[in-house]
Amino acid sequence: MSNPLLTISGLRAGYGAAPVLFGLDLKINEGEIVALVGSNGAGKTTLLRAISRMIAAEGSINFAGKELMPLTPEQVFATGLVQVPEGRQLFARMTVEENLRMGALLRRDPEGVVRSFARMYELFPILAERRRQMAGSLSGGEQQMCALARGLMAEPKLLMVDEMSLGLAPVVVDQLLVVLSDIRKAGVTILLVEQDVFAAFSVADRGYVIETGHIVREGTVAELERDSDLRKAYLGVA
Ligand SMILES: Nc1ncnc2c1ncn2[C@@H]1O[C@H](COP(=O)(O)OP(=O)(O)O)[C@@H](O)[C@H]1O
Ligand SMILES: [Mg+2]
């Protein structure tokens with residue numbers, strides 16, 4: 001359980017001359033759900049973009065024994081590191097099924113892809129019902145399911161999910177969290193990036209707290225929930 005899958009050291013990144021991340025260290029072990037929490041603008045999405053190699057960065061990002069820094073986003077994706085982006089970013093004028101197929105674009109195992117479709121429709125029965133519908137016509141919760149399923153169609157080793165809960169009703173968020181737990185049991189490691197600390201901590205093993213581009217706390221969820229500063233700042237309890 002404590003085999004490191006992702007090890008980030010001294011990660012710096014930003015946009016042009018404006019630094020956003022100031023030398024972050026972060027580790028994710030195989031089979032874990034790790035929560036990355038922090039306020040709006042703290043640098044969470046920037047961290048995911050840096051890991052996926054979509055923006056310039058310095059430092060080291062080791063994933064499954066491979067250094068990601070010199071890779072392109074396509075090459076990172078091919079290593080099994082898949083991002084479910086903030087705002088879902090579906091192909092709105094494509095059907096649910098076509099969106100899922102996009103996630104499997106690099107796969108060369110057609111039978112496996114068929115099995116993955118079946119698995120996704122089992123995890124998200126509503127997507128099976130809506131598979132011929134345009135993704136843009138789905139509800140927010142269904143769009144998030146479609147985005148998760150599209151990511152999973154790539155058979156990732158690590159799934160990084162950015163602000164899954166944003167704009168969704170609590171009951172829908174709870175459904176999605178159950179699915180994430182199932183996915184983890186099936187062997188997918190998960191980095192859950194959330195402003196909703198309650199939601200993230202309800203399924204995570206460990207967490208990191210990011211503030212203005214610095215990791216300010218890390219620990220097991222139990223440890224973080226006991227931290228009185230964090231309780232006041234993020235959980236709204238004394
Ligand atoms: N494309 C961009 N160009 C310039 N600055 C950006 C861009 N995206 C984000 N930022 C800035 O980077 C900081 C971190 O943003 P972001 O990583 O999106 O935070 P979070 O995901 O935690 O809400 C913010 O100050 C934001 O204004
Ligand atoms: Mg963000």
Side-chain angles (χ1 to χ4, degrees), residues 6 8-28 33-61 63 68-69 72-74 76-77 81-90 92 140-141 143-148 150-151 156 158-170 172-173 176-177 180 189-204 206-219 221 224 227 229-236:
L6 181 74
I8 295 175
S9 330
L11 185 69
R12 297 173 175 275
Y15 302 93
V20 173
L21 306 178
F22 299 90
L24 305 192
D25 298 330
L26 185 146
K27 190 163 79 178
I28 302 178
I33 299 182
V34 171
L36 174 71
V37 301
S39 318
N40 194 21
K44 303 181 297 298
T45 298
T46 302
L47 174 58
L48 295 194
R49 288 195 189 125
I51 296 172
S52 294
R53 303 308 308 117
M54 293 154 68
I55 59 170
E58 290 168 44
S60 160
I61 307 169
F63 178 65
L68 298 187
M69 217 36 114
T72 64
E74 293 74 20
V76 171
F77 183 84
L81 199 165
V82 171
Q83 191 176 337
V84 180
E86 188 173 347
R88 290 105 207 195
Q89 311 292 343
L90 294 172
Q143 290 196 11
Q144 187 63 75
M145 291 174 197
C146 190
L148 285 168
R150 181 181 60 182
L158 174 63
L159 191 70
M160 305 193 298
V161 188
D162 197 0
E163 304 284 9
M164 180 181 81
S165 72
L166 211 62
L168 303 182
V172 177
V173 175
L176 293 174
L177 291 172
L180 287 187
T189 305
I190 297 170
L191 176 60
L192 190 54
V193 171
E194 274 289 340
Q195 282 180 58
D196 184 339
V197 179
F198 272 113
F201 283 6
S202 73
V203 290
R206 288 191 307 118
Y208 289 84
V209 181
I210 182 171
E211 279 176 11
T212 55
H214 299 269
I215 299 289
V216 295
R217 290 281 198 294
E218 64 175 280
V221 163
L224 295 175
D227 186 303
D229 293 341
L230 294 185
R231 290 169 67 86
K232 279 183 216 126
Y234 294 98
L235 297 169

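Start at 1 and go down the list; that is how both ligands and their atoms are numbered.
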Testing the basics here: between Val221 and Ala204, what is the closest heavy-atom pair and its distance to 0.1 Å?
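In this case the closest contact between Val221 and Ala204 is CG2-O, 3.4 Å.
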
Would you call [X] and [Y] a side-chain contact if the rule is heavy atoms closer than 4.5 Å?
| X | Y | value |
| --- | --- | --- |
| Leu230 | Val197 | no |
| Met164 | Val172 | no |
| Val34 | Thr189 | no |

Please check: side-chain N/O of [X] versus main-chain N/O of [Y], any donor-acceptor pairing under 3.5 Å?
| X | Y | value |
| --- | --- | --- |
| Arg53 | Ile55 | yes |
| Glu194 | Ala35 | no |
| Arg88 | Cys146 | no |

side-chain contact (heavy atoms from CB on, under 4.5 Å) against Asp25, all qualifying residues, sequence neighbours excluded
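Applying side-chain contact (heavy atoms from CB on, under 4.5 Å) to Asp25 gives Ser9.
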
So if I only count non-hydrogen atoms and take anything under 4.0 Å from ligand 1, which residues does that give, chain by chain?
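Ligand 1 pocket, heavy atoms under 4.0 Å: Tyr15, Val20, Ser39, Asn40, Gly41, Ala42, Gly43, Lys44, Thr45, Thr46, Arg49.
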
Not counting sequence neighbours, list each pair that qualifies as a salt bridge (Lys or Arg N to Asp or Glu O under 4.0 Å) and has a residue in residues 36-50.
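Every salt bridge (Lys or Arg N to Asp or Glu O under 4.0 Å) pair that includes a residue of residues 36-50, provided the two are not neighbours, is Lys44-Glu163.
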
Give every protein N, O or S atom lying under 2.8 Å from the Mg ion (ligand 2), naming each by residue and atom.
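Near the Mg ion (ligand 2), below 2.8 Å, one finds Thr45 OG1, Glu86 OE1.
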
